[in-house]
Amino acid sequence: MTTTKEKGIRIAIDRGGTFTDCVGSYGSETIIIKLLSEDPSNYADAPLEGIRRIMSHFLGQEIPRGQPLDTSKIESIRMGTTVATNALLERKGENIALVTTKGFQDCLVIGNQSRPLIFDLAIKKPDVLYSEVVEIDERVTLEDYAEDPERTLTKTEGRAGTGDVLTKDLVMGLSGEAVRILQRPEKEKIREQLQQVFEGGIKSIAVCLMHGYTFPDHERLVGEVAKEIGFTHISLSHELMPMIKLVPRTTSVCADAYLTPAIKKYIQGFQNGFEGGLGSKSVTSDHEKGARCEFMQSDGGLVDVDKFTGLKAILSGPAGGVVGYAITSYDENTRVPVIGFDMGGTSTDVSRYGEGRYDHTFETTTAGVTIQSPQLDINTVAAGGGSRLFFKNGLFVVGPESAGAHPGPACYRKGGPATVTDANLFLGRLLPEFFPKIFGKKEDEALDRDASEKVLQELADQIEQETGKKMSVDEVAYGFLTVANEAMARPIRSITEAKGHDTSKHRLATFGGAGGQHAVAIAESLGMKQILIHRYSSVLSAYGMALADVVDERQEPDSAVWSGQGEVVDQLKAKMESLKEKSRQALRDQGFEDSEIVFEEYLNMRYRGTESSLMIIKPGEDDWGFGTGFVKHHRYEFGFTLDGRDIIVDDVRVRGIGKSFRYEEKTVDEQLKTVKRTEVVAEKKHSEAQVYFDRGRLNTPIYQLGDLSEGDVLPGPAMLADGTQTIVVTPGAKALVLATHVVIDLPESEKDRYAKTAEEREIDPIMLSIFGHRFMAIAEQMGRALQKTSVSTNVKERLDFSCAIFDATGGLVANAPHLPVHLGSMSTCVRTQAEIWKGKLKKGDVIMSNHPSYGGTHLPDITLIMPAFNEAGDKILFYAASRAHHADIGGITAGSMPPHSRELFQEGAAIKSERLVNEGKFDEERCIELLYKEPAQYPDCSGTRCLADNINDLRAQVSANQKGISLIEGLIAEYGEDTVQFYMLAIQKNAELQVRNLLKTVSQRVEGKDLFAIDYMDDGSPIQLKVTIDGEEGEAVFDFEGTGPQVYANINAPEAISYSAIIYTLRCMISEDIPLNQGCLRPITVKIPPKSLLSPADNAAVVGGNVLTSQRVTDVILKAFETCAASQGCCNNLTFGFGGNVAGQEAVKGFGYYETIAGGSGAGPYWEGTSGVHVHMTNTRITDSEVFERRYPVLLRDYSIRKGSGGNGQHRGGDGVIRDIEFRIPVQVSILSERRVYRPYGMAGGEDAQCGLNLWVRKVKKARFEKNLQALSEGGEEKQATEEDADEETEERYINLGAKNTAPMKAGDRIIIHTPGGGGWGPVGEAKKLGRGGDHTQAWKKGSHAAREEMALQA
């Protein structure tokens, strides 16, 4: 790098939440300083204090505190900071306003409409970051749509970003898509609106307008006006991240406006501590005293201090750790991938490094805020040293609650609770003599082992009291550690395998304060054979900063259809070169020579019709084979390719890298080849201790890391420690000391230690807890596999599916609760099919069914079932099943959700029981027969309108089932068939016990009286329930006698649906994280009157039963138990499309679209209802507004909260939403809804909510309408329009569609859906009683990338 200064002191700092780690290097010497991040009585700023101490050491003189530090002695400062993350977690950023397009003021309140915790009736969504919203009267949309069967491409004359936008209505966007300008904003109106905000005291704004990623002109105009007014910070979405998706882009721009001022303020204070300048400007100018100063960004690259922003700062600290282990633990020659395991006090960060480059992700969730920006794929697990220990409902539970720093674990001498740290200390795995003496009243005492023993003894007493099983404190503490390790291994396994990687082929690089105590157990659980612990592992994040490169990221949207040669490639190359030049210049400005700059070039690519894009790196220096790279990567990550489909390029991205300091140590593999191994000599032993392992306490030697030499081999058991970390080497494992690392090799795992005969086995609560995790992990990984390998928006984006495993009789073992409506109903289906196919199934077979009389819910939900056999292949042990909602399976309307169906055949393909896969062979021919040809034989019916998607999604379901089977087989291989079967039954028994306890409690509350409730469907059909509870046995009868008869409409609900509603409501009322399985229903007897609408005939229409009646049944159960007020009680099912193969007509290529729309949730005794959220039996996402307009011929006019629609009360019910869609071509539109007549009830004196309303806005000719009206009133006939009427004036007519209707809408017609609110709780005016129960932010606070999927894919 060009600098005239001689090499000075290099400093790297990681300012964490608790500790600040500093690494200083000068010449050949490196020192480490660890200090508290907050210590106001001694220093104002921890990083400045760290730099002062490092400089004092190297300069040989004490620099007084408060004296400005001389930058002439410093070569560089590199820093990672949690300032941004903390501001986000604590919601302590800048006061900001959001500027968005008219009609979208609530886009972040609604978000994707899903709720974070599926069983929490007190729904709490993350708070928005802005305090005010400004809606700009402007609008653009995309002219063409992706689902167009004709693939029309509109030609444009003008271009976005030029003067053309002022005169032409149709221009080419930055992405290459045709953009239609519908409404140009008025500059003076914008000025007036922003001036008002400015005068209100807000000085930072976030601007995100519809389609701003491809058409930035209107955002720029807002930015110019804001600058003229004097706003101090202006974030424009197209500058930060020009990627499609309104909601993530808006949250990103809000995060930037919210956090950047806080970061700038912090940096200003930091810079004031120096004499001389900081940053590249100070080095490249004439300042003699300037020092380079760079901050770590979330993407693993450094950036100059002046360019560091809030959006890029969120994972600043953890990113350093990833860079640290990637550079120190990965070998380019052997290419063994590494999983990073960074275990801290409250959480654990997990990541992966392989193939010689970092894994980036472009949509992540931190502290409830979904960010669209390149970030390292770091996943946060809510388990750390401070995680609390509980014994609940017969299970060992670790976290997610944390003891925090105050009071901290019990051993911190502040009266804290039992934690993972206490368990480690008591078992001898944490050594007080190596831990700083900073505890007690005077902060001069060591960790308190007695306090740990006391709280663990209390847990042992509780276990004995509740189960009768006497366990020693050692056994209890070790049990909790075992469960904690499983809780951490579960997401690591899921995250790694979800991307197609095998954990057993990785090394584990552990760092962070607590990692060394758990590393061996985690690695064993994941099947890994080797662990790497760097000598600076406790400060690896700071060390990583010292090794990192300076990075400049550039990205632009595109929409080209990939072609390996010709004009398309030339245009993409030109765009790439332009981005490279901008990046090169930015790095030159930071002092880099061209020879020090390298580039990574990427295209963001996806198959047409899907939304799963992959960032593909350029294969070679002169190789533009991106297409081949994409296909290969798609097959690796998703398990399939879509041959014959166009590949779309969504974005062009350049990552410019300024190479700075190089890592010159030998790699681990190079050292392993040459190191001379010698058994450690006894003299090096520091001391001995009694440490507990799985076979009891063993005399274990303790070594100080500093006393060990390169080549020392330490057989387990052994403990290695220094002042910052403790490493536990278990019996059988071996540790080897290298120059840079401690390497631990693991023995082959012992499979037989769990083998016991059924007679001598009793339930071990530790093993029960572990199997609870393992069974659920299998269902979750099936869900991930299905989401990953599916094609349709419905499954991949909206997550309208469920996966589960079942016992040999079809009883539910574990259901990853993606959608509650599937919870109990899948079991009915599996049990029915198991009976039908008894003795006929072979390995590799898959059964398909969707018929309501065979355990189905409604026809679009297709269930695939696969058996898992024993080793001999002659006995079925388990079943794996997946159920997915297919967007179209034929019938009388597009989307297969007809509002007026009377018979089952009108709703599409009805499949009772078919062998879809025969010994591994997928029967595509039969599939086409069932889905496309057979439904079209009925009157006015078509076969499926998206056959290719159906087949691809069915294949995805097969692969999800296959995943489940292989994981079950792995579990049996690890623990033995008998053990797995034993704990499968035990986990069902555990769930049964918890439901019995709930029923006993309810019986006491109601003094043994029967519970009763009745509610009505909009057609007047009653749903009536009487619950009789046996308080002694904890059993209940749910009797639906009095429910209305089967109806000649489609709100009939198969029996399975009532079971789903019961299992869901019981789980909500237990409000503990219990296993969801067949055991929940064992204490329940359900009586459903035959021939009622809850037990309809074989041929009855049922499409509304699944999505409407299920919600009403749930409302009735909750009403009987007096749990909460009614929620919106509807899914608001909207479908539209055209085309099909109706018998006797020519087949027309078309499309079908389906969505469900959020409403208000009901208030309860301790909570207010939530607005704009999905409730109870569903939790699917809504398609992002920009993606919606890109894929379909629609214009979303309004998507906002329906203010005042929730019921009033002591606690208000949540409000519904307004969704206003204009159609740009003629389509058939259907709405299937409820609560348009009977209002959602209030409870305990709370008021009812507003009903929903569905409006069709038609354009009609004024005069003609009036003439026809007159003619009709006189008994004449309506006259047809003639040519002379063509110029007549038109007007909009609002027509109420009712709850269930279908209409042929023309171009320009609109449907406006007002969804119902939730009922209120308690009399209006009574004092609120909010906030009893746990921390609601638990649902979203702990998490980075994982949070987005975890919340959807596990409870």
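Just so we're clear, the structure is a prediction, and the values are computed from it rather than from any experiment.
Around atom NZ of Lys734, no more than 12 heavy atoms belonging to other residues, nucleotides or ligands sit under 6.0 Å away.
Looking at Glu524, its side chain never comes within 3.5 Å of a backbone N or O of Leu746 through a donor-acceptor pair. Side-chain atoms of Ser76 do not come within 3.5 Å of backbone N or O of Arg10 as any donor-acceptor pair. Between the Asp722 side chain and the Gln725 main chain, a donor and an acceptor come within less than 3.5 Å of each other. A side-chain donor-acceptor contact under 3.5 Å links Ser56 to the backbone of Arg52. Thr667 places a side-chain N or O within 3.5 Å of a backbone atom of Glu670 that can act as its donor or acceptor partner. Put simply, the side chain of Ser387 never gets that close to the backbone of Ser402: no donor and acceptor are under 3.5 Å apart. Side chain of Arg449 to backbone of Phe426: a donor-acceptor contact under 3.5 angstrom is found. Looking at Thr700, its side chain never comes within 3.5 Å of a backbone N or O of Pro717 through a donor-acceptor pair.
Separation of atoms OH (Tyr43) and CZ (Arg53) is listed at 6.0 Å; rounding is to 0.5 Å.
Donor-acceptor pairing under 3.5 Å is recorded for the side chains of Glu29 and His57. With hydrogens and angles left out, the side-chain atoms of Asp45 and Tyr266 include a donor and acceptor closer than 3.5 Å. Side chains of Ser452 and Asp422: a donor on one and an acceptor on the other come within 3.5 Å.
Classification of the Tyr26-Phe58 ring pair by plane angle, with boundaries at 30° and 60°, yields tilted.
With respect to the salt-bridge test (charged N to carboxylate O, under 4.0 angstrom), the residues Asp331 and Arg507 do not qualify. Looking at Arg78 and Glu294, a side-chain N of the basic residue comes within less than 4.0 Å of a carboxylate O on the acidic one, giving a salt bridge. Salt bridge status for Glu486 with Arg490: absent, with no side-chain N to carboxylate O gap under 4.0 Å. Salt bridge annotation for Asp299-Arg655: present, with a cationic side-chain nitrogen under 4.0 angstrom from a carboxylate oxygen.
For an aromatic pair to be called close, the ring centres must be under 6.0 Å apart, and His534 with Tyr543 satisfies this.
In plain terms, the two heavy atoms of Glu688 and Ile702 that are nearest each other are C-CD1, 4.1 Å.
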Could you go through Ile727 and Ile744, starting from their C-alpha distance and side-chain angles, then the distance that decides it, and tell me whether this counts as side-chain contact (heavy atoms from CB on, under 4.5 Å)? CA-CA 10 Å; Ile727 301 166; Ile744 301 176; 3.7 Å; yes
Could you go step by step and tell me if Val305 and Gln271 meet the side-chain contact (heavy atoms from CB on, under 4.5 Å) rule? CA-CA 10 Å; Val305 61; Gln271 287 176 321; 4.0 Å; yes
For side-chain contact (heavy atoms from CB on, under 4.5 Å), just list the numbers for Asp342 and Tyr325, CA-CA rounded to whole Å, side-chain angles, deciding distance to a tenth of an Å, and then say yes or no. CA-CA 10 Å; Asp342 177 5; Tyr325 83 76; over 6 Å; no
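Figure legend: Arg15 and Phe295 shown without cation-pi pairing, the cationic atom not lying both under 6.0 angstrom from the six-membered ring centre and within 45 degrees of its axis.
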